[in-house]
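The next block holds one structure in the form of structure tokens; read it before the comments.
Computed from heavy atoms alone, side chains included, the values below leave out hydrogens, waters and symmetry copies.
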Amino acid sequence: MSRVLDLLNAVADMLAGLPGPEGMLFADVRVELDRYELKDLLEESTRTPAARVCYLRGAPKRQTSGRLDRDVSVAVILIARRTGRATPALSSADAAVLDLMEQVTGAIAADPYMGLGRISAAEIGDELVAVSDATSKKAMAIGLVEAKWCLLDVHAGQPEAAMSAGVIVDPRPVSITVGGETLPPEDAP
């Protein structure tokens with residue numbers, strides 16, 4: 001399986017296991033690879049509170065050894081519904097999504113490696129209220145917590161010195177077959 005998917009699933013598993021006031025904190029946790037439109041989230045019939053773990057972006061990062069790491073940015077989208085009557089100052093959905101963002105940030109900080117190996121500690125990014133109950137007209141609020149990791153040694157690479165000299169270093173032994181007979185590789189000059 002992809003190490004990016006391993007990370008997304010580890011984040012989702014961590015969220016699914018968070019305790020809440022009445023059992024688990026989230027009623028629905030899913031990994032989503034599709035980009036979300038906020039209007040789709042508002043129209044979805046979702047058990048709340050809910051969390052969506054989304055891949056935002058990634059970028060390979062070459063090390064001096066020639067190996068490639070991968071920077072990965074993940075968004076945890078949090079969905080809360082209003083309970084009780086709306087109030088003009090701060091609705092219960094707005095307060096709930098703020099509370100969820102704080103709890104998710106705390107949980108990531110408590111296990112910044114998500115139980116995985118060959119990964120950097122999480123760098124917690126921005127928290128954002130994307131939709132408040134006052135603007136949703138659906139008695140919902142949506143928040144987002146961004147976190148970044150670096151997956152280490154994702155790909156074996158070419159040593160930088162060899163690459164800069166235009167030499168391709170292939171660690172696999174090469175053999176040649178001539179007339180059905182395999183010839184052993186020659187020693188390098």
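Atom CZ of residue Arg70 and atom CG of residue Asp153 lie 13.0 Å apart, to the nearest 0.5 angstrom. Between Ile142 atom CD1 and Thr48 atom OG1 the span is 11.0 Å, to the nearest 0.5 Å.
Heavy-atom minimum distance, Ala93 versus Ala141: O-CB, 3.4 Å. In plain terms, the two heavy atoms of Cys54 and Ile77 that are nearest each other are SG-CD1, 3.8 Å. Pairing each heavy atom of Ala16 with each of Met24, the nearest pair is O-CE, 3.4 Å. Taking every heavy atom of both residues into account, Glu146 and Ser73 meet most closely at OE2-OG, 2.6 Å. Annotation for Ala75 and Leu144: closest pair CB-CD1, 3.8 Å, computed over non-hydrogen atoms.
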Do any side-chain atoms of residues 108-129 form donor-acceptor pairs under 3.5 angstrom with protein atoms, and if so which ones, sequence neighbours left out?
{"unit_1": "Asp111", "atom_1": "OD1", "unit_2": "Met114", "atom_2": "N", "d": "3.2"}
{"unit_1": "Asp111", "atom_1": "OD2", "unit_2": "Gly115", "atom_2": "N", "d": "3.4"}
{"unit_1": "Ser120", "atom_1": "OG", "unit_2": "Cys150", "atom_2": "N", "d": "2.8"}
{"unit_1": "Glu127", "atom_1": "OE2", "unit_2": "Thr105", "atom_2": "OG1", "d": "2.4"}

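No side-chain heavy atom of Met140 sits under 4.5 Å from any side-chain heavy atom of Val131. When side chains are defined from C-beta on, Leu78 counts as touching Phe26, because their heavy atoms get closer than 4.5 Å.
Grouping the Ile, Leu, Val, Met, Phe, Trp and Tyr side chains by contacts below 4.5 angstrom, directly or via other members, places Val145 with Leu98. Taking hydrophobic clusters as Ile, Leu, Val, Met, Phe, Trp and Tyr residues chained together by side-chain heavy-atom distances below 4.5 Å, Leu7 does not share a cluster with Leu152.
Under the 3.5 Å distance criterion, the side-chain polar atoms of Arg47 are matched with a main-chain donor or acceptor of Ala27.
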Under the criterion side-chain contact (heavy atoms from CB on, under 4.5 Å), I'd like the reasoning laid out for Leu33 against Leu8: C-alpha separation, chi angles, the key distance, then a yes or no.
CA-CA 9 Å; Leu33 293 179; Leu8 297 175; 3.6 Å; yes
After noting the C-alpha distance and the side-chain angles of Leu151 and Asp69, does the key distance pass the side-chain contact (heavy atoms from CB on, under 4.5 Å) rule?
CA-CA 6 Å; Leu151 302 176; Asp69 295 343; over 6 Å; no
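Looking at residues two or more places apart in sequence or on another chain, you find a salt bridge (charged side-chain N to carboxylate O under 4.0 Å, His left out) between Asp28 and Arg30, Arg52. The side-chain contact (heavy atoms from CB on, under 4.5 Å) search around Ala80 returns Ala96, Val97, Leu100, not counting sequence neighbours. Take Lys61 and apply the salt bridge (charged side-chain N to carboxylate O under 4.0 Å, His left out) test, not counting sequence neighbours, and it matches Asp71. Asp99 is linked by a side-chain hydrogen bond (donor to acceptor under 3.5 Å, both in side chains) to Gln103, counting only residues two or more places apart in sequence or in another chain.
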